[in-house]
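Heads up: the structure comes next, in structure tokens.
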Protein chains: 2
Amino acid sequence: MDHDVLSIGDLARTTDTKVETIRYYERAGLLPAPARTAGNYRAYRAEHLARLSFVRRARDLGFSLDHVRELLRLADQKDQSCAEIDVIARLHLAEVDRKIADLMALGGELRQIVGQCGHGTVAECRIIEALSPN
Amino acid sequence: MDHDVLSIGDLARTTDTKVETIRYYERAGLLPAPARTAGNYRAYRAEHLARLSFVRRARDLGFSLDHVRELLRLADQKDQSCAEIDVIARLHLAEVDRKIADLMALGGELRQIVGQCGHGTVAECRIIEALSPN
DNA sequence: TATGCACCCTATAGCAGCTATAGGGTCAAG
DNA sequence: CTTGACCCTATAGCTGCTATAGGGTGCATA
């Protein structure tokens, strides 16, 4: 009947996160430890839901847990400049772009290798040849 | 004076691989355990060098250790069809393409978010806003 | 001969970011 | 009063290495 209290399972369903992951985030310092019920169950409130949603969204955007921790800390200082937030986001974007470039180069090489396969025996396989030294 | 025997350090230098990684590959079943010297040092030969080079090349192309193990096994059956090799390579290529697509979508979102930053206070920060629920 | 140094050995723990297990306790419904 | 869904902690596992600790080997030099 406690309408503004959420169990860990409620929170998991609402944010599409596994229960174990939520407990892991707590241990990792991404979520504050909530109050406990008489039976030692975690009792979450709206603020926890907001915070977990923030974490999930940042994770979906590929930020590392370290970056998420930083972003959370900065987000709490409402009167400070958002310069540091901008830096983190730009750094992350640069890394994403770098990863894309790496994967595209790799994909190009792979496509070339795969395209040469003559579907014969292993002895004449161009893929194996491409992987072999000399 | 043993000219066709390589120490683990030699192999490491030649293939640009860390010594620990070579030992790890042996434990992981990617490299056969080589003969040992009187002093219990690993004594590698040309065949090990070739095999490690193959592994490195496959890893550079992003194949998982499981896939590399499979490729090694298949590469040894010279008279079999190379169909399975082709399947592994194509599967991997598909995964690379999928990752690129994911990262591009993510990069697009990030670029939009970063572009909106007005460089004011955290309270008005569009990045934080974009990460926050509601 | 001693000693220093680069190299080698094993075993084990650590990294990210979870996920899965074991072995229990809680709580509401039937 | 038992069943079943949920919750708890602690710990181990995953990938692909990398890094330590605590030793042994082998060669050159003082």
Side-chain angles (χ1 to χ4, degrees), chain A residues 1-3 5-31 33-44 48 52 54-72 91-92 95-96 99 102 106, chain B residues 1-2 5-31 33-45 48 52 54-72 91-92 95-96 99 102 106:
Chain A
M1 298 282 168
D2 227 344
H3 270 313
V5 160
L6 298 161
S7 73
I8 196 169
D10 295 336
L11 206 58
R13 268 181 298 277
T14 311
T15 61
D16 199 26
T17 307
K18 304 214 165 165
V19 164
E20 294 83 3
T21 304
I22 297 177
R23 287 195 280 247
Y24 170 73
Y25 285 164
E26 182 181 324
R27 281 201 307 282
L30 289 164
L31 291 180
R36 298 290 181 122
T37 66
N40 199 32
Y41 285 18
R42 285 172 180 79
Y44 293 102
H48 296 101
L52 179 53
F54 184 104
V55 170
R56 293 297 288 174
R57 174 94 177 108
R59 292 290 299 134
D60 283 349
L61 287 170
F63 287 98
S64 68
L65 293 192
D66 271 358
H67 276 168
V68 176
R69 248 184 303 263
E70 252 323 79
L71 289 173
L72 283 167
L91 269 179
H92 179 50
E95 211 182 300
V96 168
K99 273 186 192 162
D102 286 356
L106 203 144
Chain B
M1 297 282 169
D2 227 345
V5 160
L6 298 161
S7 73
I8 196 168
D10 295 336
L11 206 59
R13 268 181 299 278
T14 311
T15 60
D16 199 25
T17 307
K18 302 213 167 166
V19 164
E20 294 83 4
T21 305
I22 297 177
R23 287 195 280 247
Y24 170 73
Y25 284 165
E26 183 181 322
R27 281 200 307 282
L30 289 165
L31 290 179
R36 297 290 180 123
T37 66
N40 200 32
Y41 285 17
R42 285 172 179 81
Y44 293 102
R45 302 191 155 270
H48 296 101
L52 179 53
F54 184 103
V55 171
R56 292 298 287 175
R57 174 93 177 110
R59 291 292 298 134
D60 283 349
L61 287 169
F63 287 98
S64 69
L65 293 192
D66 270 359
H67 276 168
V68 176
R69 248 184 303 262
E70 252 322 79
L71 289 173
L72 283 167
L91 269 179
H92 179 48
E95 211 182 299
V96 168
K99 273 187 193 161
D102 285 357
L106 203 144

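Below, chain A is the first sequence line, B the second, and so on; all start at residue 1. Everything numeric here is computed off the predicted structure, so don't read it as measured data.
B:Ile22 has its CD1 atom 12 Å from the C1' atom of C:dC8, to the nearest Å. If you take NZ of A:Lys99 and C1' of C:dA16, they are 11 Å apart, rounded to a whole angstrom. The CD atom of B:Glu20 sits 13 Å away from the P atom of C:dC7 (whole-angstrom rounding). One interatomic measurement links the two molecules: CZ of B:Arg36 to P of C:dC7, which rounds to 19 Å at whole-angstrom precision. In this structure, A:Arg56 places its CZ atom 11 Å from C1' of C:dG17, rounding to the nearest Å. Regarding A:His67, its NE2 atom lies at a distance of 15 Å from the C1' atom of C:dG17, rounded to whole Å.
Residue-to-nucleotide proximity on DNA chain D shows that, of A:Gly39 and A:Arg27, the 5′-proximal contact is made by A:Gly39. Projected onto DNA chain C by closest heavy-atom contact, B:Gly9 and A:Asn40 fall at different nucleotides, the more 5' of which corresponds to B:Gly9. In terms of position on DNA chain D, the residue among A:Val19 and B:Arg23 whose nearest nucleotide sits closer to the 5' end is A:Val19.
Within the structure, a side-chain polar atom (N or O) of B:Ser7 is placed less than 4.0 Å from OP1 or OP2 of C:dC8. For C:dC18, the OP1/OP2 oxygens have a side-chain nitrogen or oxygen of A:Tyr25 closer than 4.0 Å.
Extent of DNA chain D lying under 4.0 Å from chain A heavy atoms, first and last nucleotide in 5' to 3' order, is D:dC6 to D:dT9.
Here the side chain of B:Arg56 pairs a donor or acceptor atom with the backbone of B:Asp16 at under 3.5 angstrom. Looking at B:Asp10, its side chain does come within 3.5 Å of a backbone N or O of B:Ser7 through a donor-acceptor pair. Under the 3.5 Å distance criterion, the side-chain polar atoms of B:Arg45 are left unmatched by any main-chain donor or acceptor of B:Ala35.
Residue contacts for A:Arg42: at a heavy-atom cut-off of 4.0 Å it reaches the sugar-phosphate backbone alone, with no base atom in range. Counting any heavy atom pair closer than 4.0 Å across all strands shown, B:Ser64 reaches sugar-phosphate atoms only and no base atom. At a threshold of 4.0 angstrom between heavy atoms, the contacts of A:Arg59 are confined to the sugar-phosphate backbone, with no base atom among them.
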Step by step, would you call A:Arg57 with A:Asp60 a salt bridge (Lys or Arg N to Asp or Glu O under 4.0 Å)? CA-CA 5 Å; A:Arg57 174 94 177 108; A:Asp60 283 349; 5.8 Å; no
Derivation and outcome, salt bridge (Lys or Arg N to Asp or Glu O under 4.0 Å), residues A:Asp102 and A:Lys99: CA-CA 5 Å; A:Asp102 286 356; A:Lys99 273 186 192 162; over 6 Å; no
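Distance from the side chain of A:Tyr41 is smallest for C:dT26 among the nucleotides C:dC8, C:dT26, C:dT19.
With sequence neighbours left out, the side-chain hydrogen bond (donor to acceptor under 3.5 Å, both in side chains) criterion links B:Arg23 to no other residue.
Using cut-offs of 30° and 60° for the angle between ring planes, the B:Phe63 and B:His92 rings count as tilted.
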